[in-house]
Every structure is written in C-alpha cells, then in structure tokens.
Amino acid sequence: MAALRTALAGKPPRGARDPGAPRKPREGTKQETVLSMLRREEGATIVQICDATGWQHHTVRGFFAGLKKRQGIEVQVLERVRQVGPNKEGARGSYTVYHLPA
C-alpha cells in the first residue's frame with residue numbers, strides 16, 4: 001500500500017493544468033450556444049435563446065449578469081421594440097434584441 005501511495009503521489013491528477021494557464025472552454029455547451037447567438041450580426045432575443053437552450057427567461061437574464069460580473073463581457077441592447085397602445089399586443093408583443101460586441 002505504501003508503494004502505491006508513493007507512486008501516485010508523483011503523478012498530477014487527471015485533467016490537471018498549469019496553475020495560471022487559461023481554461024479551455026468545453027464545446028457544445030448551452031453557454032457556448034448563447035454566446036454564438038449573441039455574436040451574430042442580428043443578435044438574439046431572450047425568447048430565441050430560451051428556445052435554443054431550454055432555459056427560462058430569468059435564467060437567460062441571470063446568464064447575462066454573470067457574463068458582466070465574472071468575465072467582464074457586457075451584453076448590449078441592439079434594438080428594443082415596445083408594442084404599446086391601441087391595436088397592439090402590449091407587453092406580450094414587446095421584445096429586445098441583445099448583442100455582444102465583436
């Protein structure tokens with residue numbers, strides 16, 4: 001048992017990286033999907049992101065806040081459409097298009 005412990009003590013754990021080296025992002029994640037949608041020229045609405053990821057509206061808004069807080073990436077408003085007044089849907093027809101600067 002002691003020999004096994006000494007043999008394992010010299011090996012770094014699986015998946016270990018150098019301390020200071022940047023993390024390599026995983027591929028095919030929902031976060032990657034959202035970021036690619038926001039980087040498109042036309043941007044994306046919260047409803048489009050919810051449809052693509054299965055997240056709820058408040059989860060998408062929380063993801064935007066986390067981008068700003070943890071990674072310093074601020075999501076910009078590309079277009080805001082408000083449907084208010086006679087013969088319009090009111091808040092249901094309103095939407096905002098979000099975008100990440102290049």
Side-chain angles (χ1 to χ4, degrees):
M1 196 68 172
L4 181 60
R5 285 189 181 127
T6 56
L8 291 175
K11 290 184 177 181
R14 285 193 316 171
R17 58 183 171 84
D18 295 329
R23 295 174 74 179
K24 187 175 100 176
R26 296 183 307 170
E27 295 182 11
T29 63
K30 291 180 181 180
Q31 293 180 4
E32 183 181 85
T33 302
V34 173
L35 291 174
S36 67
M37 290 177 76
L38 292 173
R39 286 188 180 111
R40 296 183 306 191
E41 187 175 320
E42 67 272 12
T45 65
I46 287 183
V47 174
Q48 291 171 335
I49 294 170
C50 288
D51 290 342
T53 60
W55 290 348
Q56 294 185 6
H57 295 232
H58 64 272
T59 307
V60 176
R61 290 190 298 270
F63 177 73
F64 290 172
L67 281 177
K68 183 176 181 184
K69 183 176 183 179
R70 292 184 189 91
Q71 297 179 15
I73 301 171
E74 188 164 356
V75 179
Q76 296 178 346
V77 174
L78 192 61
E79 178 184 7
R80 184 170 286 163
V81 177
R82 297 289 178 229
Q83 301 284 331
V84 184
N87 301 327
K88 295 190 178 176
E89 295 182 47
R92 290 180 189 250
S94 301
Y95 62 91
T96 303
V97 179
Y98 296 95
H99 178 71
L100 280 181

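Worth saying up front: this structure is predicted, and the values here are computed from it rather than measured.
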Starting from L38 and following side-chain heavy-atom contacts under 4.5 Å between hydrophobic residues (I, L, V, M, F, W, Y), which residues can be reached? V34, L35, M37, I46, I49, W55, V60, F63, F64, L67, I73, V75, V77, Y98, L100
Residues joined to M1 in its hydrophobic cluster, side chain to side chain under 4.5 Å directly or through other members, sorted by chain and number, are none
Residues in salt bridge (charged side-chain N to carboxylate O under 4.0 Å, His left out) contact with R61, at least two apart in sequence or another chain: none
Results of side-chain contact (heavy atoms from CB on, under 4.5 Å) for E79 - residues two or more places apart only: V81, Y95, V97
Looking at Q48 and A44, what are the two nearest heavy atoms and their distance? OE1-CA, 3.1 Å
Minimum heavy-atom distance between E74 and K68, given as atom pair plus value: OE2-NZ, 3.9 Å
Residues 38-52 vs salt bridge (charged side-chain N to carboxylate O under 4.0 Å, His left out), sequence neighbours excluded, gives R40-E42
Between H57 and V47, does the side-chain contact (heavy atoms from CB on, under 4.5 Å) criterion hold? Intermediate values first, please. CA-CA 7 Å; H57 295 232; V47 174; 4.1 Å; yes
